[in-house]
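So the structure is just underneath, and the comments pick up after that.
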Amino acid sequence: MRTIEWRDGVVTLIDQRLLPHKEVWREYEDYQGVARAITEMQIRGAPAIGAAAAYGVALAALRSPAETSESLLSDLEEAFRVLAATRPTAVNLFWALERMRRVANEAAGQGPEVMRAALVAEAQAIADEDVQVNRRMADFGQELIADGMNLLTHCNAGALATVDIGTSLGVIRAAHEAGKRIHVYVDETRPFLQGARLTAWELMRWGVPLTLITDNMAGHFISRGQVDLILVGADRIAANGDTANKIGTYTLGVLAHENGVPFYVVAPTSTIDLSIASGAAIPIEERNPREVTHVYDVPIAPESVPAANPAFDVTPYRYITGFVTEHGIVYPPYGPGLERVKRRARGAWQSAGG
Ligand code: MRU
């Protein structure tokens with residue numbers, strides 16, 4: 001099952017706000033709908049957001065009445081602007097939009113119909129590559145997981161956060177499918193509950209043994225030696241290895257360091273942003289405080305209480321044991337290592353005709 005698909009000029013995605021209780025698929029025929037779906041977190045997770053944005057641009061191209069390349073390019077500018085404004089932290093969004101922009105510009109000389117076809121093909125390629133890349137990370141990650149291990153994960157970095165398979169959860173699923181007897185502690189991930197709602201749902205479907213915990217229980221289990229390995233995803237990795245991921249990841253990084261537990265980030269090279277020197281420059285999305293004061297629309301705090309809701313935090317590179325990417329595992333020093341895998345990814349893309 002793919003989280004997002006292109007079917008005859010329509011984008012179909014599973015509404016993740018309603019999981020695990022309801023499986024509702026939504027269809028979008030214009031980029032504005034896709035942009036709303038990203039902002040409202042019907043679709044979420046860095047690689048899935050990137051694929052959705054690419055499909056959004058393809059829809060914008062198909063729906064535009066433009067009869068010349070110039071007017072199509074100018075219609076697309078508005079789509080790029082709207083899609084780029086959906087969520088600020090996951091760099092995969094901007095990476096995918098950049099790829100789409102390049103294809104639009106390159107095809108412009110051949111007229112609007114060629115541009116449209118090229119943009120649909122590029123969005124499909126971005127989605128298909130995501131699945132392949134996740135499969136490769138799942139393979140590379142196997143050397144980290146031994147039979148009998150207890151793992152811990154945060155948020156949802158599974159099939160739902162990507163086009164399919166997932167990043168850190170893809171590694172976990174592959175270990176289970178290889179016959180390793182593993183058990184996973186799943187952080188519930190307040191306030192949006194991606195762990196409780198989505199990761200628990202995915203692991204149960206695959207038959208992976210798990211225990212759901214609240215985020216503030218992680219230290220308890222880690223300090224008692226009940227966690228052998230922590231695997232998380234990422235939304236943006238700065239050139240020095242500082243990593244933005246779901247709020248609460250930093251706490252886990254510190255706990256891992258304090259207790260000598262390996263802490264790996266599993267992320268495709270599209271999540272590495274070499275233009276940003278350190279985590280201090282990563283934009284952190286601030287979401288509606290209602291997600292904190294309410295659970296499923298039920299108020300859990302005094303009315304009108306001030307509440308903060310940063311959706312991500314930054315884990316400093318020194319707490320990260322390694323990065324599992326589709327071009328291998330990167331260990332410190334991260335500067336040259338991250339550059340190396342980024343270079344390899346560019347090479348692979350160019351030799352595939354990109
Ligand atoms: O706010 P979300 O649900 O989009 O945040 C998702 C995460 O933080 C994931 O860990 C990250 O995007 C990696 S997904 C493979």
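Start at 1 and go down the list; that is how both ligands and their atoms are numbered.
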For residues 256-268, which side-chain donor-acceptor pairs fall under 3.5 Å, sequence neighbours excluded?
residue: Asn259; atom: ND2; partner: Leu255; partner atom: O; Å: 2.8
residue: Tyr264; atom: OH; partner: Tyr331; partner atom: OH; Å: 3.0

Mind listing the side-chain donor-acceptor pairs of residues 42-53 below 3.5 Å, one per line with the distance, residues two or more places apart or on another chain?
residue: Gln42; atom: OE1; partner: Tyr28; partner atom: OH; Å: 2.6
residue: Gln42; atom: NE2; partner: Tyr28; partner atom: OH; Å: 3.3
residue: Gln42; atom: NE2; partner: Glu40; partner atom: OE1; Å: 3.0
residue: Arg44; atom: NH1; partner: Gln16; partner atom: OE1; Å: 3.1
residue: Arg44; atom: NH1; partner: Asn156; partner atom: OD1; Å: 3.0
residue: Arg44; atom: NH2; partner: Asn156; partner atom: O; Å: 2.8

### Flag for Asp187-Thr189: side-chain donor and acceptor within less than 3.5 Å
no

### Note, Glu129 side chain near Arg99 side chain (heavy atom, < 4.5 Å)
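Yes, their side chains come closer than 4.5 Å.
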
### Task
Just jot down the salt bridge (charged side-chain N to carboxylate O under 4.0 Å, His left out) partners of Arg287, sequence neighbours excluded, or say none.
Glu285, Glu291

Nitrogen or oxygen contacts under 3.5 Å, ligand 1 side and protein side:
residue: ligand 1; atom: 1 (O); partner: Arg87; partner atom: NH1; Å: 3.4
residue: ligand 1; atom: 1 (O); partner: Arg87; partner atom: NH2; Å: 2.8
residue: ligand 1; atom: 1 (O); partner: Lys246; partner atom: NZ; Å: 2.7
residue: ligand 1; atom: 3 (O); partner: Arg44; partner atom: NE; Å: 2.8
residue: ligand 1; atom: 3 (O); partner: Arg44; partner atom: NH2; Å: 3.2
residue: ligand 1; atom: 3 (O); partner: Gln194; partner atom: NE2; Å: 2.8
residue: ligand 1; atom: 4 (O); partner: Gly45; partner atom: N; Å: 2.9
residue: ligand 1; atom: 4 (O); partner: Arg87; partner atom: NH1; Å: 2.8
residue: ligand 1; atom: 8 (O); partner: Asp235; partner atom: OD1; Å: 2.8
residue: ligand 1; atom: 8 (O); partner: Asn245; partner atom: OD1; Å: 3.1
residue: ligand 1; atom: 8 (O); partner: Lys246; partner atom: N; Å: 3.2
residue: ligand 1; atom: 10 (O); partner: Asn245; partner atom: OD1; Å: 2.7
residue: ligand 1; atom: 12 (O); partner: Ala46; partner atom: N; Å: 2.8
residue: ligand 1; atom: 12 (O); partner: Asp235; partner atom: OD1; Å: 3.2
residue: ligand 1; atom: 12 (O); partner: Asp235; partner atom: OD2; Å: 3.0

### Task
Determine the minimum heavy-atom distance between Ile126 and Ala54, stating which atoms define it.
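So the two residues come closest at CD1-CB, 3.8 Å.
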
